[in-house]
Student: 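Quick one: structure below, then a few questions.
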Amino acid sequence: MIKVITYGTYDCLHYGHIRLLQHAKALGDFLIVGITSEDFDVNRGKINVKQSLTDRIAAVKETGIADLIVVEEYQGQKIDDIQRYGVDIFTVGSDWEGHFDYLNEYCQVVYLPRTKGVSSTELRSDEQHIRMGVVGESSSVIEKFLREGGYVNGLEFTGVCTSSISELPDYFKNLDLITNNYDELLANVEAVYIQSSPYERYALIQRALEYNVHVICESPITLAQADYLELLALAESKNLVLMESLKTAYTVAFQRMVVMLKSGLIGRIASVDAAVTSLAKLDGNSVGSLCDWGPQALLAIFKLLGTAYESKSIKTMFYKGDTVDDIGEEKSVKRYKIDSFTKIDFIYPEAVASLRVGKGVKSEGELIISGTKGYIFVPAPWWKTDYFEARFEDPRDNRKFFYQLKGEGIRNMIVQFVRSVSEKRDEGNVLPEITSAITKVIQDFYQGIDVIEICK
Ligand code: CTP
């Protein structure tokens with residue numbers, strides 16, 4: 001029996017794929033089809049695959065041509081598969097001519113003619129592009145978002161709404177529409193990325209949803225839980241996506257860590273401790289450390305322990321240069337005091353958690369998760385990491401995990417946003433329950449609930 005093997009992504013299965021599979025099958029008696037996993041594709045730079053691995057497998061299965069389907073997960077797996085299954089012929093389309101000659105050492109390599117005029121890339125780009133606008137002042141956060149969004153298929157940045165039109169940075173200049181009129185931007189886009197001050201986000205989101213525009217907004221989405229729940233209900237009633245921009249949730253290392261922990265890597269979790277600090281210079285217009293850094297740390301705690309904590313206690317130091325009276329009087333929105341350092345302790349039925357955030361106070365920005373069998377150590381800056389360690393009593397059991405980090409997770413987050421918008425269902429990695437719990441902590445903090453002020 002002659003065994004043939006071939007590999008591909010098989011996204012949006014098309015005529016070219018089916019012909020290739022038929023020709024491959026005709027080369028022998030038994031056809032093995034290797035389908036790339038999501039990670040493998042991301043690692044080789046193919047980030048725009050539209051369908052999930054499960055859907056791609058189902059589509060290939062349905063052709064009835066493959067005798068066996070395997071998932072391709074790592075570099076070098078082709079050699080392992082060829083040896084494991086006793087493969088006689090390796091084949092792929094002629095677009096890969098020469099690329100797999102090294103496999104001649106293990107079996108015969110055949111390049112089959114590629115069908116002209118059809119590819120997954122074309123099928124994906126034929127689909128409608130989402131026109132996206134950006135709202136906020138020029139900053140490295142917006143610059144990164146625009147750069148990373150540029151790698152994502154099915155998305156095109158149309159315009160920006162910013163108050164500083166006179167001094168535009170280069171990354172705004174290519175956009176077709178530059179305005180300080182938000183309504184004008186909303187009338188020209190299907191989705192909007194909101195980076196503006198946390199004080200303005202509620203009104204900006206509300207307006208966008210009224211215009212039937214999907215929203216991805218920096219975190220925290222609002223400063224009060226009721227505001228978020230109201231916006232969420234509005235988004236749901238209009239079938240619009242309202243997503244919190246928390247890039248950490250989309251880094252492969254963080255996602256992997258969460259599922260490994262859920263499956264018991266370090267036993268039962270007893271404690272989650274997260275710190276995020278910077279020596280940013282504070283002034284009366286700054287946003288405090290909990291508002292700026294809290295969502296990342298809260299994400300780790302809520303993802304791992306859930307949002308049903310029994311109690312919390314907040315200790316905070318306010319920025320000395322600030323008094324509530326001398327800021328924001330001329331603005332119509334209420335402004336809150338600025339914290340330079342805040343520590344929160346949560347008590348859960350069977351675990352505890354703590355976070356430390358600082359702006360103007362520096363600490364080790366690490367994440368430590370303690371369990372009944374061992375602990376996880378994620379070194380600073382854990383919120384944009386490609387690496388973590390599982391450590392145990394016996395150091396010989398320690399394990400290190402590395403994952404590729406492209407664009408701090410922002411790129412993957414935007415891919416997910418585009419997918420949610422085109423499928424009209426929000427499948428982001430930050431569930432509304434978590435966003436809601438984050439807004440509740442921020443709200444309680446600003447209202448002085450469970451707060452002890454130190455260094456008054
Ligand atoms: N293939 C083919 N003819 C086409 C497209 C693909 O013979 N018109 C073959 C490829 O050479 C490969 C297999 O189908 O052997 C799976 O290719 P894949 O990369 O999944 O498909 P593409 O359409 O080329 O995808 P993309 O545009 O994302 O690169």
Side-chain angles (χ1 to χ4, degrees), residues 2-28 30-82 85 87-104 106-129 150-155 404 406 411-412 414-416 418-419 422-423:
I2 298 174
K3 286 190 176 177
V4 182
I5 197 161
T6 187
Y7 294 85
T9 307
Y10 302 102
D11 189 26
C12 315
L13 195 81
H14 55 68
Y15 174 63
H17 292 143
I18 294 173
R19 288 215 353 183
L20 185 284
L21 293 175
Q22 285 168 337
H23 289 156
K25 175 87 177 217
L27 292 173
F30 189 86
L31 177 66
I32 305 170
V33 180
I35 304 183
T36 50
S37 73
E38 272 134 22
D39 274 358
F40 186 71
D41 273 328
V42 168
N43 285 344
R44 63 190 187 125
K46 210 168 179 176
I47 58 155
N48 289 315
V49 175
K50 200 161 177 285
Q51 290 183 295
S52 68
L53 174 62
T54 333
D55 288 351
R56 289 180 286 123
I57 291 176
V60 171
K61 209 180 227 167
E62 210 163 282
T63 66
I65 307 171
D67 296 294
L68 176 67
I69 292 175
V70 296
V71 177
E72 185 181 20
E73 291 179 283
Y74 57 89
Q75 176 112 30
Q77 186 183 326
K78 291 187 178 76
I79 297 175
D80 280 349
D81 287 346
I82 289 167
Y85 299 109
V87 168
D88 304 286
I89 300 173
F90 168 90
T91 186
V92 276
S94 51
D95 44 323
W96 294 99
E97 187 83 49
H99 196 83
F100 294 106
D101 288 355
Y102 69 93
L103 293 174
N104 271 314
Y106 306 93
C107 67
Q108 191 188 342
V109 175
V110 176
Y111 298 102
L112 286 168
R114 184 182 163 92
T115 308
K116 293 204 168 61
V118 58
S119 77
S120 305
T121 307
E122 277 166 40
L123 289 176
R124 286 189 295 254
S125 60
D126 280 353
E127 285 170 23
Q128 224 195 336
H129 276 231
Y151 292 104
V152 177
N153 259 357
L155 172 76
Q404 192 158 10
K406 284 241 168 82
R411 201 179 300 181
N412 292 349
I414 303 174
V415 168
Q416 182 57 58
V418 169
R419 199 171 284 165
S422 42
E423 289 172 13

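In this text the structure is predicted, and so the values were computed from the model without any measurement. Counting starts at 1 for both ligands and their atoms, in listed order.
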Student: When rounded to the nearest 0.5 angstrom, what is the spacing between OH in Y106 and CD1 in I82?
Tutor: 8.5 Å
Student: Which protein non-hydrogen atom lies closest to atom 2 (C) of ligand 1, naming both residue and atom, and how far is it?
Tutor: R114 CG, 3.5 Å
Student: Taking both backbone and side-chain atoms of S94, is any N or O found less than 3.5 Å from an N or O belonging to ligand 1?
Tutor: no
Student: Can you confirm, on distance only, whether ligand 1 has an N/O atom lying under 3.5 Å from any N/O atom belonging to V118?
Tutor: yes
Student: side-chain contact (heavy atoms from CB on, under 4.5 Å) with R56: which of V71, D11, L13?
Tutor: D11
Student: Out of I18, I57, L21, which one pairs with Y10 under the side-chain contact (heavy atoms from CB on, under 4.5 Å) rule?
Tutor: L21
Student: Starting from atom 23 (O) of ligand 1, find the nearest protein heavy-atom neighbour and note its residue, name and distance.
Tutor: S120 N, 2.7 Å
Student: Tell me the protein heavy atom at minimum distance from atom 19 (O) of ligand 1, and give that distance in Å.
Tutor: K46 NZ, 3.4 Å
Student: Rounded at 0.5 Å granularity, tell me how far NE2 in H17 sits from OG in S120.
Tutor: 3.5 Å
Student: Measure the CZ-OH distance between F40 and Y7 for me, rounded to the nearest 0.5 Å.
Tutor: 9.5 Å
Student: Under 4.0 Å, heavy atoms only, figure out whether ligand 1 is touched by the backbone of L20, its side chain, both or neither.
Tutor: side chain
Student: Please state which part of D95 comes within less than 4.0 Å of ligand 1, counting heavy atoms only: side chain, backbone, both or neither.
Tutor: side chain
Student: Distance check, rounded to the nearest 0.5 Å: L103 atom CG versus I5 atom CD1?
Tutor: 10.0 Å
Student: For atom 14 (O) of ligand 1, what's the nearest protein heavy atom and its distance?
Tutor: H17 CD2, 3.5 Å
Student: Does ligand 1 come near enough to K116 that some N or O of the ligand is less than 3.5 Å from an N or O of the residue?
Tutor: no
Student: Atoms of ligand 1 less than 4.0 Å from S119 heavy atoms?
Tutor: 23 (O), 27 (O)
Student: Counting only heavy atoms closer than 4.0 Å, does ligand 1 sit against the backbone of E122, its side chain, both, or neither?
Tutor: neither
Student: Nearest heavy-atom pair of D88 and C107: which atoms, and what distance?
Tutor: O-CB, 3.3 Å
Student: At their closest point, which heavy atom of A24 faces which heavy atom of L112, and how far apart are they?
Tutor: N-CD1, 3.7 Å
Student: Y111 pairs by side-chain hydrogen bond (donor to acceptor under 3.5 Å, both in side chains) with which of D101, D95, T91?
Tutor: D101
Student: How far is atom 15 (O) of ligand 1 from its nearest protein heavy atom, and which residue and atom is that?
Tutor: G93 N, 3.0 Å
Student: As an exercise, state the distance from CD of E72 to OG1 of T36, rounded to the nearest 0.5 Å.
Tutor: 6.5 Å
Student: Show me which atoms of ligand 1 lie under 4.0 Å from any heavy atom of Y10.
Tutor: 16 (C), 20 (O)
Student: I'd like to check whether T121 has a polar contact with ligand 1, where a contact means an N/O of the residue lying under 3.5 Å from an N/O of the ligand.
Tutor: yes
Student: For ligand 1, is there an N or O atom under 3.5 Å from any N or O atom of T6?
Tutor: no
